[in-house]
Amino acid sequence: MHSPQPSRQKLRIVVTRRLPEAVETRMKELFDVVLREDDAKMSRDDLAAAMRGADVLVPTVTDHIDANMLAQAGERLKLIANYGAGVDHIDVHSARQRGILVSNTPGVVTEDTADMVMALILGVTRRIPEGMAEMQAGRWAGWAPTAHLGGRVGGRRLGILGMGRIGQAVARRANVFGMQVHYHNRRRLRPEIEEELQATYWESLDQMLARMDIISVNAPHTPSTFHLLNARRLKLLKPSAVVVNTSRGEVIDENALTRMLRAKEIAGAGLDVFEHGHEINPRLRELPNVVLLPHMGSATVEGRAEMGEKVIINIKTFADGHRPPDLVVPSML
Ligand SMILES: NC(=O)C1=CN([C@@H]2O[C@H](COP(=O)(O)OP(=O)(O)OC[C@H]3O[C@@H](n4cnc5c(N)ncnc54)[C@H](O)[C@@H]3O)[C@@H](O)[C@H]2O)C=CC1
Ligand SMILES: O=C(O)C(=O)CO
């Protein structure tokens, strides 16, 4: 579909953030690459300039590449090789219309992010941050039969919203913890996978929400999932329910969730991602029944190195005139 590209050395690669050192070293060996000296998020103007000067841009989730930015990019940009699995910060449709390919790094983030889902579930249900705060403040007065009581996760009904790579990895873990796995997904899984995951499918998201003890959000942020968990749907949850989100903040109406947590209409939440990036609703920070993490679901040394390797493979394959293996096409979204 694309004419053969100029050789690797001739492609100018521009990276928007600092990447793990080994990844940057490998990129320098392989490509004509412009790396960052500092690690601040690029301003819109700097990002626009980076896009104009690159054959291949390597952005991250903090770079908002909308139709307007793409319109200013000029003719040079051919590939956006995203360092990350989620691509909701890139207007993939506009890129496609302009003949700019988009690739991402799926798969290598799966297990680490699923681990973090379990950490959030346990953190909220077993009240880990509250216990830690007590220890750090020197307030612990010793073991007591009625202190620090949380809820047992074994036997609880876990509803996974978005049963893709990460959702399925969460299901495997949840089975080991003795939870009952339920899911809602755009498409139902094949029977043999459902059986392996011991997962019950709900065609109706509303019906699933009303019956779950814990909800894990693992569907990507797309136009069809924006505020999928809106005030109306959040109200369907049991007051004892816990909501965990490691996908993207925009899938949940954060203000509605905050209001309901404050009113104890939802028992707790574990959030790794927020509706407005790192600007989180300040009221969330005041709540004891909430565990907040700074978007660190995929943050392992191993995972971040593998994400870099994936980016490099996508660029190399493209530079050799082939379709990048992790090409994102609008119909996937
Ligand atoms: N917190 C973190 O550090 C990380 C967050 N992520 C986020 O997790 C998301 C999911 O990643 P993967 O599991 O690898 O993606 P995936 O594409 O394998 O799975 C997503 C699933 O959601 C389903 N889905 C899409 N729209 C839906 C809808 N409207 N209703 C129900 N289901 C819907 C899809 O059919 C698919 O099965 C990424 O898009 C990214 O935003 C990914 C990695 C790390
Ligand atoms: O990969 C992603 O989508 C992330 O959010 C960070 O790893």
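Note: hydrogens, waters and symmetry copies are ignored here, and every other heavy atom, side chains too, is used. The structure displayed is predicted, hence computed values, not measured ones. Counting convention: from 1, in listed order, for ligands and their atoms alike.
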Identify the closest protein heavy atom to atom 2 (C) of ligand 2: which residue and atom is it, and at what distance?
-> A85 N, 3.4 Å
Shortest reach to atom 40 (C) of ligand 1 by a heavy atom, considering only R187, R188, R248 | R248
Under-4.0 Å heavy-atom contact with ligand 1, by part of N218 that carries it | backbone
M296 and ligand 2 - part of the residue with a heavy-atom distance under 4.0 Å | neither
Between I166 and ligand 1, is there a nitrogen or oxygen pair with a distance under 3.5 Å?
-> yes
Protein heavy atom at shortest distance from atom 5 (O) of ligand 2 | H295 NE2, 2.6 Å
Counting heavy atoms only, which of A219, G86, G164, S247 comes nearest to atom 7 (C) of ligand 1?
-> S247
With no hydrogens and no angle check, is any side-chain donor or acceptor of D272 less than 3.5 Å from a backbone partner on H295?
-> yes
Check whether any N or O atom of G86, backbone or side chain, sits under 3.5 Å from an N or O atom of ligand 2, and answer yes or no.
-> yes
Indicate yes or no: does an N/O atom of T246 lie under 3.5 Å from an N/O atom of ligand 1?
-> yes
Can you list the ligand 1 atoms lying under 4.0 Å from a non-hydrogen atom of M163?
-> 37 (O)
Residue from V170, T113, L161 passing side chain to side chain contact (heavy atoms under 4.5 Å, CB included) with N218 = V170
Grab the two heavy atoms, one from P59 and one from N82, that are nearest each other, plus how far apart they are.
-> O-OD1, 3.1 Å
Do you know the tightest heavy-atom contact between D63 and H89?
-> O-CD2, 3.1 Å
Looking only at heavy atoms, the pair that brings I312 and R26 closest together is CD1-CG, 3.6 Å
What one should report as the nearest heavy-atom pair of K238 and A210 is CG-O, 3.6 Å
Under 3.5 Å donor-acceptor, E24 side chain and L35 backbone = no
Relative to each other, are the rings of W202 and H182 parallel, tilted or perpendicular (30° and 60° limits)?
-> tilted
Nearest non-hydrogen contact to atom 32 (N) of ligand 1 from the set M296, R186, M116, H184 belongs to R186
Do any N/O atoms on T105 end up under 3.5 angstrom from N/O atoms on ligand 2?
-> no
Are side-chain N/O atoms of D206 and S204 paired as donor and acceptor at under 3.5 Å?
-> no
Nearest heavy-atom neighbours spanning A50 and V14 | CB-CG1, 3.8 Å
How close does the nearest protein non-hydrogen atom get to atom 17 (O) of ligand 1, and which residue and atom is it?
-> R165 NH1, 3.9 Å
Please determine, by modelled atom types, if R323 and T317 share a side-chain donor-acceptor pair under 3.5 angstrom.
-> no
N/O of H221 under 3.5 Å from N/O of ligand 1, yes or no?
-> no
For ligand 1, find out whether one of its N or O atoms is nearer than 3.5 Å to an N or O atom of T113.
-> no
List the closest protein heavy-atom neighbour of atom 28 (C) of ligand 1: residue, atom name, distance to the nearest 0.1 Å.
-> T225 CG2, 3.7 Å
Check: R156 main-chain N/O paired with Q180 side-chain donor or acceptor under 3.5 Å | no
Residue selection (non-hydrogen contact nearest atom 36 (C) of ligand 1) among D112, N185, V170 | N185
Per-atom contacts of ligand 1 with H295, taking only distances under 4.0 Å to non-hydrogen atoms | 1 (N), 2 (C), 3 (O)
Here the atoms of ligand 2 under 4.0 Å from any heavy atom belonging to G84 are 1 (O)
Closest non-hydrogen atom pair between S247 and P220, with its separation | OG-CA, 3.7 Å
Against heavy atoms of V109, which atoms of ligand 1 measure under 4.0 Å?
-> 43 (C)
Should you measure from each heavy atom of M307, which atoms of ligand 2 turn up under 4.0 Å away?
-> 7 (O)
If you measure only the distance, is there a donor-acceptor pair under 3.5 Å linking the side chains of E194 and Y183?
-> yes
Backbone or side chain, does any N or O of S298 fall under 3.5 Å from an N or O of ligand 1?
-> yes
Identity and separation of the nearest protein heavy atom to atom 20 (C) of ligand 1 = P220 CD, 3.5 Å
Return yes if a side-chain donor-acceptor contact under 3.5 Å exists between T222 and D88, otherwise no.
-> no
For ligand 2, which part of S298 has a heavy atom less than 4.0 Å away: the side chain, the backbone, both, or neither?
-> side chain
Under 4.0 Å from a heavy atom of S224: give me the atoms of ligand 1 that qualify, with their elements.
-> 29 (N)
